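So that the names make sense, note that chain A is the first sequence line, chain B the second, and so on, each numbered from 1. No experiment lies behind these values; they were computed from the predicted model shown.
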2 protein chains.
Amino acid sequence: MSHVPGLIQSIERSSAVLRLLAAGPGRLRVKEVADALALPKSTAHSILRTLEHVGFVEQDPDTARYRLGRGLLDLGHGGIDLNELRGRALNWADALASRSGEEVRIGALRDDKVVVVHHVFRPDDSVQSLDTGRLLPPHATALGKVLLAYNAPAVEAAERAGLEAYTRGTLTTARALARSLSETRERGWALSVEEWEAGRAGIAAPVRSFGGLVVGAIGISGTVERLCDTRRQALTVQVEHVLSTARAISRDLAAS
Amino acid sequence: MSHVPGLIQSIERSSAVLRLLAAGPGRLRVKEVADALALPKSTAHSILRTLEHVGFVEQDPDTARYRLGRGLLDLGHGGIDLNELRGRALNWADALASRSGEEVRIGALRDDKVVVVHHVFRPDDSVQSLDTGRLLPPHATALGKVLLAYNAPAVEAAERAGLEAYTRGTLTTARALARSLSETRERGWALSVEEWEAGRAGIAAPVRSFGGLVVGAIGISGTVERLCDTRRQALTVQVEHVLSTARAISRDLAAS
DNA sequence: GGCCACCGTGCGACAATGTCGCACGTGCCG
DNA sequence: CGGCACGTGCGACATTGTCGCACGGTGGCC
């Protein structure tokens, strides 16, 4: 049927599918959805498959019928399942630690703070404390800057909470932070050099789920000498290690 | 970014937009959405415009920022706004009445019954009762058969409630009803000849909103002699009147 | 108060993408 | 046990979504 140009047809159709499923309590067959919207079976099935993938609809394993999914409710209570992120990232984190020779952290935003979801020690180091579950300041760490770069409200919240200075290098003004976040977006990864602890640096990159939504960040941290060159710029090899790992986890999440 | 083939990219993206908007309490700018999902501004804007059109997001008129819309909540409480359907159909209903020379009804499903949303009298007839707000049986009227044809759960409900016989022509078996509904889907309009009241017939067609979702039906009713030929088949001219009017209202709704 | 930069919006062309037809295998109903 | 109808997957085509660019307006900074 004629559809208004300038609007995305498949999104209109998917919203119609959701409305249709919401209209009645009964679960619907593919054929019924196709009939209701005057679509070919294939097209309806393709839309349903995608909606199922993103969690907006669920398919009853027995009857093969579709109903609304839990993902829609989560929109109200807003949030990503951190356990899934952690589980998906476990394998890759170890590999990153051994390849880079540095400790690895995986983080996500929670209440305007960075929560460390997973932590892998530096391979050849003995005395380290387990950071899992710990909260980090978003504006002073590479992990945090990645998460802020792709989440505007969190930036405002962080500024409202005050940009506390931990070292002389900590970004304490909204201007400086905004510039750093913009740089992070452009190149796709974040760098933090002595902004949180003296002598230490961090490199982090975003972990994306389907649609490109940033659901977390993964990064390495170590001494400035090991992560940076003499001009305090991040070493390309280490950046590549982080980036490729982040992309691998993203691909993994998107295929779930 | 690489996306899984077999899935619809724009739907994945739109779900990511919704999740992003749900993640924080703050309203987001187009730029912020685009940055967060690593999309060009244009693409993000196109997705947001479509989501706004279907009611899943709303744009603050002052700040131009986007937030989640009421349409998402309506999914939980499932239902179409009947007032909008009525308002949109008012003008066209009058025109249909004068062109066809018959009375016009607009109906929608409510609790497995057909509720008459709007009613226009037959032009040259004086004594008629206003049907607006009245409930009609779905299986015995043309309006109802259109609505059932595109809503499978309602069919089950109607069968559970019992297919009451009003005349000798009323379809009282699930089989006969299913066949009639299938026929209705194929040709895109419904016919009812002496199934509800003796001597009277009805012709109805679906009113579709965006995505093709059937939100209501519009039809004419009159004596069998005026609506049908000698073989009790619907007159082509009257069918065309109903169909073109239904299409016009659908276009109107889709452009809202 | 003026300037500049950024943002929201719209258009157009290209190519990627969604759509559609067809066919397979399966489960249910008769 | 046979037949039908449904869910699912694949592939080719053409439509459609995407992206780059440019305009007008607004807000912020100096």
Side-chain angles (χ1 to χ4, degrees), chain A residues 1-17 27-53 57-67 152 156 159 173-176 178-179 181-182 185-186 210-212, chain B residues 1-17 27-54 57-67 152 173-175 178-179 181-182 185-186 210-212:
Chain A
M1 191 157 293
S2 68
H3 106 109
V4 185
L7 296 179
I8 299 174
Q9 189 183 48
S10 56
I11 297 182
E12 285 186 316
R13 286 176 169 174
S14 63
S15 87
V17 169
R27 359 236 104 158
L28 291 181
R29 312 170 135 276
V30 173
K31 176 78 175 347
E32 292 166 347
V33 174
D35 283 344
L37 304 185
L39 292 176
K41 254 191 317 176
S42 294
T43 306
H45 184 251
S46 178
I47 293 172
L48 282 169
R49 180 150 28 101
T50 305
L51 286 175
E52 183 189 17
H53 181 251
V57 308
E58 290 171 359
Q59 186 178 33
D60 190 308
D62 301 326
T63 65
R65 296 175 194 229
Y66 291 88
R67 61 171 183 273
E156 296 178 27
E159 291 170 357
T173 68
R175 277 294 268 290
R179 197 143 29 87
L181 296 182
S182 178
R185 275 192 297 268
E186 277 174 31
F210 31 72
Chain B
M1 193 156 292
S2 68
H3 105 110
V4 186
L7 297 179
I8 300 174
Q9 189 184 49
S10 55
I11 297 182
E12 285 185 318
R13 288 176 168 175
S14 62
S15 86
V17 169
R27 2 236 100 159
L28 291 182
R29 312 170 138 273
V30 174
K31 176 75 174 348
E32 293 166 347
V33 174
D35 284 343
L37 304 185
L39 292 176
K41 255 191 315 177
S42 293
T43 306
H45 183 252
S46 177
I47 293 173
L48 281 169
R49 180 151 27 102
T50 306
L51 286 175
E52 182 188 20
H53 182 249
V54 301
V57 307
E58 291 171 0
Q59 185 178 31
D60 189 308
D62 299 326
T63 64
R65 295 172 194 232
Y66 290 89
R67 61 171 184 271
T173 68
R175 278 291 270 290
R179 196 142 30 89
L181 297 182
S182 178
R185 275 192 296 269
E186 278 174 30
F210 31 73

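- Of the candidate nucleotides C:dT19, D:dC19, D:dG9, D:dC19 has the atom nearest to the side chain of B:Leu39.
- If you measure from atom CG of A:Asp35 to atom C1' of D:dC6, you get 12 Å, rounded to the nearest angstrom.
- Between B:Glu32 and A:Ser10, the one whose closest nucleotide on DNA chain C sits nearer the 5' end is B:Glu32.
- Under the side-chain contact (heavy atoms from CB on, under 4.5 Å) criterion, B:Arg29 pairs with B:Glu32, B:Arg65, sequence neighbours left out.
- Sequence order on DNA chain D of the closest nucleotides to B:Thr43 and A:Arg175 puts B:Thr43 first from the 5' end.
- Side-chain proximity of A:His45 to the nucleotides D:dC19, C:dT19, D:dT8 is greatest for D:dT8.
- The CD atom of A:Glu52 sits 12 Å away from the C1' atom of D:dT8 (whole-angstrom rounding).
- Remark: P of D:dC10 and CG of B:Leu7 are 12 Å apart, rounded to the nearest angstrom.
- With rounding to whole Å, B:Leu48 atom CG is found 15 Å from C:dG10 atom C1'.
- In this structure, NZ of A:Lys31 is placed 17 Å from C1' of C:dT26, rounded to the nearest angstrom.
- Without hydrogens or angle criteria, A:Ser182 side chain to A:Arg179 main chain gives no donor-acceptor distance under 3.5 Å.
- A:Glu12 has its CD atom 15 Å from the P atom of C:dG18, to the nearest Å.
- For the P atoms, the distance from D:dT15 to D:dG11 is 22 Å, rounded to whole Å.
- Side-chain N or O atoms of A:Glu58 include none that pairs as donor or acceptor with a backbone N or O of A:Arg67 at under 3.5 Å.
- A distance of 5.5 Å separates CG of A:Leu7 from NE2 of B:His53, quoted to the nearest 0.5 Å.
- Residue A:Tyr66 places none of its side-chain N or O atoms closer than 4.0 Å to OP1 or OP2 of D:dC6.
- In this structure a side-chain-to-backbone donor-acceptor pair under 3.5 Å is missing from B:Thr50 to A:Ile11.
- With distances taken from any side-chain atom of B:Val30 to the nucleotides C:dG8, D:dT18, C:dG18, the minimum falls on C:dG8.
- B:Arg49 places its CZ atom 14 Å from the C1' atom of D:dT16, with the value rounded to the nearest Å.
- Nearest-nucleotide mapping onto DNA chain D: of B:Pro40 and A:Ala64, the residue sitting toward the 5' end is A:Ala64.
- Under 4.0 angstrom from either OP1 or OP2 of C:dA15 there lies no side-chain N or O belonging to B:Gln9.
- Residues B:Leu37 and B:Arg13 come closest through the heavy atom pair CD1-O, 4.2 Å.
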Output a table of nitrogen or oxygen pairs between the protein and nucleotides 21-27 of chain D separated by less than 3.5 Å.
{"from": "D:dC21", "atom 1": "N4", "to": "B:Ser42", "atom 2": "OG", "distance (Å)": "3.3"}

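- No donor-acceptor distance shorter than 3.5 angstrom exists from the side chain of A:Ser15 to the backbone of B:Val54, with no hydrogens or angles considered.
- A straight line from CD1 of A:Ile11 to C1' of D:dT18 spans 12 Å, rounded to a whole angstrom.
- Between B:Arg65 and C:dG8 there is no side-chain N or O to OP1 or OP2 distance below 4.0 Å.
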Without placing hydrogens or testing angles, list every side-chain donor-acceptor pair under 3.5 Å for residues 40-47 of chain A, not counting sequence neighbours.
none

